[in-house]
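Below you'll find the structure, written out as structure tokens, and then a few comments.
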Number of protein chains: 2
Amino acid sequence: MTPRTSAQGQSTRTDSATTSVEDYAKTIYGLAEWDDTAVSASALAKTLGVSNPSVTLMVRKMADLGLVDHQPYAPIRLTEQGRQLALAMVRRHRLLETWLVRELGYGWDEVHDEAERLEHAVSETFVDRLDARLGHPRVDPHGDPIPGPDLSMDHPDTELLCRVPTSSAVRLEQVDDSVPDALRVLAEQQVEIGAQVHVTASESGDVVVARTDAGEGIRLAHELAHAMRVSVVRSDGSGASGPGDLEN
Amino acid sequence: MTPRTSAQGQSTRTDSATTSVEDYAKTIYGLAEWDDTAVSASALAKTLGVSNPSVTLMVRKMADLGLVDHQPYAPIRLTEQGRQLALAMVRRHRLLETWLVRELGYGWDEVHDEAERLEHAVSETFVDRLDARLGHPRVDPHGDPIPGPDLSMDHPDTELLCRVPTSSAVRLEQVDDSVPDALRVLAEQQVEIGAQVHVTASESGDVVVARTDAGEGIRLAHELAHAMRVSVVRSDGSGASGPGDLEN
DNA sequence: TTGCAGTTTTAGGTATGCCTAAACCATACT
DNA sequence: AGTATGGTTTAGGCATACCTAAAACTGCAA
Ligand SMILES: [Mn+2]
Ligand SMILES: [Mn+2]
Ligand SMILES: [Mn+2]
Ligand SMILES: [Mn+2]
């Protein structure tokens with residue numbers, strides 16, 4: 001449980017890392033952060049909102065910089081150096097989000113875009129001082145672990161809510177911060193990170209969840225349930241492994 | 001004294017304002033903020049650290065955007081729209097500096113570069129929330145006035161320290177935040193904004209200043225005295241209008 | 001008044017990062 | 001095996017924001 005990933009070596013943010021390079025590295029990392037999928041050029045393109053050829057070019061450049069391993073038509077993988085750059089960016093992003101929520105009165109559905117820009121503008125010094133001011137938080141407002149100064153972090157193993165079997169008791173651990181609809185629904189229903197809920201039923205790919213205390217059922221579109229990760233508290237063995245993951 | 005400049009009209013940060021455009025507008029404004037000089041292309045180029053031709057091109061572009069008035073070989077002037085963009089950037093910059101000093105433990109000589117990058121990355125919402133959190137400060141750590149949400153500000157009329165007549169009593173009002181040497185010297189000597197000092201002598205373009213309480217004299221290279229602005233408390237009429245301003 | 005020095009603009013070129021359209025390759029299916 | 005499909009790369013361009021070198025202008029000074 002919660003294997004401790006670690007990355008030694010020092011801050012890899014060389015000057016050759018432009019904003020774009022930083023975003024690519026972070027996105028490559030993010031696409032395989034929870035499930036260890038191979039990262040394809042088109043997935044990258046879709047996530048980054050650029051065309052496929054743009055990705056090809058950028059990946060070539062990042063290979064030259066030693067940030068990714070890539071041969072034609074093969075999946076894209078970060079080198080150790082690239083992974084460190086990505087983790088440094090993840091650290092920035094999550095610390096900034098934590099600060100925006102804790103001290104600037106932002107809602108957890110508002111912070112992602114702001115952090116997305118700020119993460120490229122702050123200095124290493126800034127990040128360290130912010131980290132200290134916040135008391136070295138280990139988790140961001142969305143339940144995502146924050147890498148420490150040495151880029152190590154606790155990496156909980158959680159499951160997508162939409163893949164959990166029906167009639168399980170689960171605890172909400174993480175919500176994808178780039179899906180504001182999911183964040184807003186949860187805020188409206190006052191379900192927070194750490195809340196324990198019951199997966200009661202699912203129809204047509206949607207997931208219905210009940211709060212343990214109040215019996216109210218909340219219907220989550222599959223798309224939203226796909227943006228939430230949970231840890232299973234009790235798996236009611238009644239079988240029926242939930243809705244198949246009818247991916248996109 | 002302290003005439004209240006004001007600018008109505010709303011936030012002018014259209015999407016067409018790139019980081020470069022923002023910096024140009026801010027710099028054009030800054031070059032004439034205290035003395036109402038005509039802004040030349042070469043002054044802009046020197047301040048921005050770019051070549052003269054780059055300035056010509058950018059100024060043309062900003063004229064197309066309606067941010068500056070400019071005809072060939074004439075000085076460069078901001079339009080009302082350009083002035084509002086500039087003031088919006090000044091507001092960001094000075095609020096960010098204030099925050100960095102007050103809440104993140106930065107020294108006043110460290111904040112300029114950080115703010116210089118952050119000012120382009122924060123949203124209007126961010127600025128307003130930061131402003132509220134800081135209690136709507138009207139002056140930044142270097143003594144520079146902070147434009148309000150409506151972009152109006154108190155604009156003190158101060159003089160360059162290097163142009164004050166010898167044997168005057170003056171109060172330190174502002175220090176150019178982009179001259180860290182000046183900031184460090186003052187920090188070392190524990191002279192803060194608002195401190196009252198005595199201009200005792202000047203030789204070879206340098207300026208010597210004594211703290212009113214402790215009699216210690218501080219020699220400031222002309223370059224540093226040029227980065228400080230003061231208000232004259234008592235002008236000892238003994239004449240001799242100080243060192244001529246042997247500009248560059 | 002003419003010339004010259006310094007400033008400003010034009011001309012031509014580089015680097016980054018994106019695009020569309022067309023060629024290419026690997027794989028999966030008949 | 002043969003071919004269709006779709007993901008990937010190449011080819012050719014565009015926009016921004018710089019640069020140096022050369023031409024053009026201004027304004028002051030002999
Ligand atoms: Mn985020
Ligand atoms: Mn987050
Ligand atoms: Mn500053
Ligand atoms: Mn300042």
Side-chain angles (χ1 to χ4, degrees), chain A residues 13-28 31-32 37-78 82 85 89 116-117 119-121 247-248, chain B residues 13-28 31-32 37-78 82 85 89 116-117 119-121 247-248:
Chain A
R13 258 189 120 230
T14 76
D15 295 344
S16 54
T18 63
T19 292
S20 288
V21 168
E22 290 175 348
D23 276 336
Y24 274 79
K26 188 162 62 85
T27 304
I28 295 168
L31 283 174
T37 344
V39 176
S40 70
S42 45
L44 246 188
K46 183 154 55 144
T47 307
L48 287 164
V50 300
S51 73
N52 262 348
S54 297
V55 168
T56 297
L57 256 41
M58 192 52 141
V59 165
R60 197 204 304 300
K61 181 178 160 188
M62 289 176 73
D64 292 345
L65 292 173
L67 297 171
V68 298
D69 280 332
H70 180 58
Q71 29 249 61
Y73 298 97
I76 298 155
R77 273 194 294 115
L78 289 172
L85 173 60
M89 296 312 297
E116 201 61 43
R117 277 173 284 113
E119 65 192 1
H120 308 289
E247 216 53 37
N248 25 348
Chain B
R13 260 188 119 229
T14 75
D15 296 343
S16 54
T18 63
T19 293
S20 289
V21 168
E22 289 175 348
D23 276 336
Y24 274 79
K26 189 161 63 85
T27 304
I28 295 168
L31 283 175
T37 343
V39 176
S40 70
S42 44
L44 245 188
K46 182 154 54 145
T47 306
L48 288 165
V50 300
S51 72
N52 263 347
S54 296
V55 168
T56 297
L57 256 42
M58 192 50 140
V59 165
R60 198 204 305 299
K61 180 179 159 187
M62 289 176 74
D64 292 346
L65 292 173
L67 296 171
V68 299
D69 281 331
H70 180 59
Q71 31 249 62
Y73 298 97
I76 297 155
R77 273 194 294 116
L78 289 172
L85 172 59
M89 297 312 297
E116 201 61 44
R117 277 174 284 113
E119 64 191 1
H120 307 289
E247 216 54 38
N248 22 353

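Lettering follows sequence order; numbering is per chain, from 1.
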Rounded to the nearest 0.5 Å, the OG1 atom of B/Thr47 sits from the CG atom of B/Leu31 at a distance of 4.5 Å
Base, sugar-phosphate alone, or nothing: which one does A/Ser20 contact when heavy atoms must sit under 4.0 Å apart? sugar-phosphate
Looking at side-chain heavy atoms only, is the closest gap between B/Val21 and B/Leu85 below 4.5 Å?
yes
**Asked** Below 4.5 Å, heavy atoms only, C-beta onward: do A/Glu119 and A/Lys26 meet side chain to side chain?
**Response** yes
Rounded to whole Å, the CE-P distance (B/Met62 to D/dA17) equals 11 Å
Verify the contact: side-chain N or O of B/Thr18 to OP1 or OP2 of D/dT16, cut-off strictly under 4.0 Å; return yes or no.
-> no
Residues passing the salt bridge (charged side-chain N to carboxylate O under 4.0 Å, His left out) test with A/Arg77, sequence neighbours excluded, are none
When rounded to whole Å, the CG to C1' distance for the pair A/Asp23 and C/dC18 reads 14 Å
Rounding to 0.5 Å, atoms CD (A/Glu22) and CE (A/Met89) come to a distance of 4.0 Å
Show me the donor-acceptor pairs within less than 3.5 Å that the side chains of residues 50-72 of chain B make with the rest of the protein, sequence neighbours left out.
from	atom 1	to	atom 2	distance (Å)
B/Ser51	OG	B/Ser54	N	3.4
B/Ser51	OG	B/Ser54	OG	3.0
B/His70	ND1	B/Ala74	O	3.3

B/Leu44 atom CG is separated from C/dT7 atom C1', nearest whole Å, by 14 Å
In whole angstroms, the gap separating P of C/dG6 from NZ of B/Lys46 amounts to 15 Å
Separation of C/dT9 atom P from B/Met58 atom CE, nearest Å, is 15 Å
Per-nucleotide protein contact along nucleotides 6-12 of chain D, 5' to 3', at a 4.0 Å heavy-atom cut-off (B base, S sugar-phosphate only, - neither), is -BBBB--
Taken to the nearest whole Å, NZ/B/Lys61 to C1'/C/dT9 is 18 Å
